[in-house]
Every structure is written in structure tokens, then in C-alpha cells.
Amino acid sequence: MRKTQVGIVGAGPAGLFLAHLLRKAGVEVVVLEARTREYLETSPHRIRAGVLEWGTREMVARAGVGDRMVQEGLGHGGIYLAFEGQLLHLDFHALAGRGIWVYGQQYLVTDLIRHHLEAGGEILFSHEVVGVEDLEEAPTLVYRTPDGRLERLRCEFAVGADGSHSLARKSIPGIQVHQKTYPYAWLGILAQTRPAAEELIYASHPRGFALFSMRSPSLARNYLQVAPEERLEAWPEERIWEELSLRLSGVAEVQPGPILEKSLTPMRSLVVEPMQHGRFFLVGDAAHVVPPTGAKGMNLAFCDVAVLYRALVAFYKEGEASLLARYTQEALRHVWQAELFSYWMTTLLHTAADPFEDRLREAKLRHLGESLHLQRFLAENYVGLHTSGRYTHYIPQSA
Ligand SMILES: Cc1cc2nc3c(=O)[nH]c(=O)nc-3n(C[C@H](O)[C@H](O)[C@H](O)COP(=O)(O)OP(=O)(O)OC[C@H]3O[C@@H](n4cnc5c(N)ncnc54)[C@H](O)[C@@H]3O)c2cc1C
């Protein structure tokens, strides 16, 4: 049986960032990833997130893996809210003293893989973990090799970074799952066209919510609120562009272009407690899921990694185990803060089926338009002052 110090399940942003940091700190790490490298770097199903809180950008840069992110990403100083025919600009620098950074998750994953492999790190692609044993003494990852053999990796510590359908989560005995589903989904497109504005527009419209975002000055990433049972076949390109234009009419112009990718994302919130058992820990979507409205998912993954990284390094360098014991307690603070904000943004912007709820929602939007306090609440949470902003100093500045 193979042995290592830290075994990680999953080469998403969480698993890769943790692997990179630990390797740099001199800890032996093995990452097991079910998919191929090509799938992670190029599949349209892995386009996903694109908004980095300032603290996430800072952590990535401090870790020495942000060269392309800094060069090719876009700095944004705020967002727009469109409602009742008006366009409200929220200036994050004025409201919260920080901005955000737009850089695609898939690019970041590609960068992290490249840096880790070039530095001699080990990622076993096409190796699916099918079970976790002995969580308390020496967590052992049971995995299937590409030729179908079952093998075991015995670890001093193991980390489940295997995303929202996590097998790792299910391996923790007695784990509590707190969750909520929403009565809508997002139909997302990636299109070869000029984005509707230079910064993101969150549009609340009687026909439903729409988000206008981007991956670059010539790649638009737009979303439409649709029913949870909606099917992609019901949305040919013309219908999508027509609906996007309707939901933004009077405030900005939508420029149609070739659609490169279409997807449907159900909306749910989920948090598990505890995020650890014995010598086994959960990070990222394996431990919590947020609806994408607040752009928090990937950022939360980086927060968890910062907290767990500091605790593991304290253990390996100083023999200090107390930070590891407190991992769940520390992580749940940023997790629930982001859950709160994501829930708030989601219910503020999506039309509700109940007319009473919907009138209340409209009143909340008007209040936000007039209240500097509410605008500051939104800005502080969006840029991540209370999430990644708390952890940048956990990541040592790389030489
Ligand atoms: C459409 C969409 C839009 C989003 N937009 C945003 C946004 O704007 N901002 C934001 O911050 N977040 C956003 N998110 C959320 C963000 O993508 C996730 O929070 C992020 O991917 C979490 O990273 P992770 O590393 O925890 O999990 P993942 O990225 O899901 O990575 C998990 C990895 O584990 C692997 N794996 C799974 N099971 C196994 C197994 N048994 N054995 C081995 N490997 C396994 C998977 O193949 C995968 O590579 C969005 C998500 C979606 C779907």
C-alpha cells in the first residue's frame, strides 16, 4: 500500500491550491482526481466561476501562482443593479475600500495544475476515489486506477475536496447536513460577443432575474432565471437573446453573438457540520454549496484552504494540533457569512411565485437604492471583507 503525508481527493480549485501550498511548505502531498487533465482544463462543463474577491486574488498572487491571473484578469470597481427601469452603480472602492477581479475558474485550475506539476508535485488524473477508510487513525483513500484496479493510499491526513456531489462528505459518520433548495434555476451561456457593460449587471425584472457578466472584453457570460424543471432544448439561441434583451430593456443594450456553451444550474444552499472527523477534513463545495448569485463558491473554497493550510503547517512544523482541532469552528464563520449573503442576494433579485413575497422584494430593492448602509453591506460582502479578506496573511508571500 502507498503512503503519503496528505492525500487530497479532487483537483478542483480547493484541492489544487491546498496541494500547491503544502508542497511549497515541504509537506508530501498526493492528489487523486477522477477526471483527465484535458477535461478539467477544456470541458465546457467546467467553465463555472469567474469572480474573485480581492482577498482570493491576493492569496493566489502571494502563493506565486497568479502570474497569468494578474496579466489577463480584469479589475472591477463595482457592479450595476438594474431594477424598475433604473441602473444603480455600486462603487465598491467608495463603499468597501476594495474591488473584485474577474478571471475564469477554468483558467485558474489550468494555472494551478501547471505550477504544481512543473514544481514536481503529483496529481494522479483519471484516478477515482471510491471509498475512505480509517478516518481517525490513518485515513486511507481507496481508488480505482485507469486500468480498473483498486488500490489504497494510506495518509497521515486526508482532505475531501471533491466538489458538491462529494463522496468524502458521505464518509463522515453522523455528519449533519443543513440545506435549502430554491424554486428556480439558472440558464447560463458563454457567448462570443461584447459584454453588455464593462462591469457586471444584476438585473431584477418582472420576467425574472438576469445576470450579465464576462470572461474577457469579447466573451460574455450571461444567465437567466428559469424554472427548476426547465430543459435546455426549450431555449434555442434566438429565444435566449430575446429574453436577455427583454430583461435589460431600457437600461443597456445586449449584443447577440455565437453561443459557445449552454448550461442549467439548480440553485441550492448546503452546509455540513462538522467539516472534519479524526484526521479527515472537508474543503470547498464538498462542505458547502451556495447559489451562484453572490459569486461566493470558489472564494469560499480558498478561505477553507487558507484555514486548513495554516493548521496543517502548524502541526508539521511545530507539532501544534490545536488549530486542526478548531478547523470546523473557524471555517464555519466565513461559510455562514457567505451563506447569509448568497441567500440575501438570491432572494432579493429573483422573482418569487408568491405576489406578497414579490412586493416585499421590490420594497427591499427600492430601500437598497436609497440606503447607503445596505449598499455598504452588499459591497463589503461582495468584495469579501468578511470572508477571504480575513485570511490573506495566512498565505506566506512567495519569493
Ligand atoms: C454554473 C456555475 C457558476 C458558478 N459561478 C461562480 C462564481 O461566479 N463565483 C464563485 O466563486 N463560484 C461560482 N461557482 C461555484 C464554483 O464553481 C465552486 O464553488 C468551485 O468549483 C468549488 O471548488 P472545489 O474545488 O471545492 O470543487 P470542484 O471545482 O467541484 O472540484 C472537485 C474536483 O473533485 C473531482 N472529484 C469528484 N469526485 C471525485 C472522486 N470520487 N475521486 C477523485 N476526484 C473526484 C472532480 O472531478 C473535480 O475536479 C459556480 C458554479 C457553477 C456550477
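Counting starts at 1 for both ligands and their atoms, following the listed order. These values consider heavy atoms only, across backbone and side chains, with no hydrogens, waters or symmetry-generated copies.
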Task: Val159 and Leu308: CA distance, side-chain angles, deciding distance, side-chain contact (heavy atoms from CB on, under 4.5 Å) verdict - done: CA-CA 10 Å; Val159 179; Leu308 184 57; 3.9 Å; yes

Suppose we measure from [atom] to each protein heavy atom; which comes out shortest, and what is that distance?
| atom | value |
| --- | --- |
| atom 32 (C) of ligand 1 | Ala161 O, 3.4 Å |
| atom 31 (O) of ligand 1 | Gly12 CA, 3.3 Å |
| atom 27 (O) of ligand 1 | Gly163 CA, 3.6 Å |
| atom 14 (N) of ligand 1 | Ala49 CB, 3.8 Å |
| atom 1 (C) of ligand 1 | Thr265 OG1, 3.3 Å |
| atom 37 (C) of ligand 1 | Asp162 O, 3.2 Å |
| atom 49 (O) of ligand 1 | Glu33 OE1, 2.8 Å |
| atom 18 (C) of ligand 1 | Asp285 OD2, 3.3 Å |

Can you name the atoms of ligand 1, numbered from 1 with element, that are less than 4.0 Å from a heavy atom of [X]?
| X | result |
| --- | --- |
| Gly50 | 7 (C), 8 (O) |
| Ala14 | 25 (O), 26 (O) |
| Leu40 | 49 (O) |

Can you find an N or O of [X] that's nearer than 3.5 Å to an N or O of ligand 1?
| X | result |
| --- | --- |
| Val129 | yes |
| Gly297 | yes |
| Ala286 | no |
| Val283 | no |
| Ala34 | yes |

TODO: Go through the steps for Asp304 and His334 under the test side chain to side chain donor-acceptor pair (under 3.5 Å), then give the verdict.
DONE: CA-CA 9 Å; Asp304 296 348; His334 62 247; 2.7 Å; yes

TODO: Going by heavy-atom distance to atom 17 (O) of ligand 1, choose the closest among Glu128, Gln105, Met298.
DONE: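 Looking at heavy atoms only, the winner is Gln105.
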
Open item on the list: Measuring from atom 52 (C) of ligand 1, which candidate in Arg46, Arg48, His45 has the nearest non-hydrogen atom?
Closed with: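 It is Arg48 whose heavy atom sits nearest to atom 52 (C) of ligand 1.
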
Cation over ring face, [X] and [Y], 6.0 Å, 45°:
| X | Y | result |
| --- | --- | --- |
| Lys24 | Tyr309 | no |
| Lys180 | Tyr182 | yes |
| Arg57 | Trp54 | no |

Open item on the list: Counting only heavy atoms closer than 4.0 Å, does ligand 1 sit against the backbone of Val289, its side chain, both, or neither?
Closed with: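 None of Val289 does.
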
Open item on the list: Just so I know, are the side chains of Ile100 and Glu53 near enough to count as touching, which here means a heavy-atom distance under 4.5 Å?
Closed with: no

Task: Sidechain-backbone polar pair: Ser204 side chain, Phe83 backbone, donor-acceptor under 3.5 Å - done: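 A pair under 3.5 Å: no.
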
Task: Pairs involving residues 79-88, ordered by first then second residue, that meet side-chain hydrogen bond (donor to acceptor under 3.5 Å, both in side chains) (sequence neighbours left out) - done: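 Qualifying pairs: Glu84-Arg366.
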
TODO: Give me the ring orientation class for Tyr107 and Tyr103: parallel if the planes are under 30° apart, tilted from 30 to 60°, perpendicular past 60°.
DONE: tilted

Open item on the list: I need the full list of ring-ring contact (aromatic ring centres under 6.0 Å, His included) pairs touching residues 259-308, with sequence neighbours left out, sorted by first then second residue.
Closed with: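 Every ring-ring contact (aromatic ring centres under 6.0 Å, His included) pair that includes a residue of residues 259-308, provided the two are not neighbours, is Phe17-Phe302, Phe281-Tyr327.
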
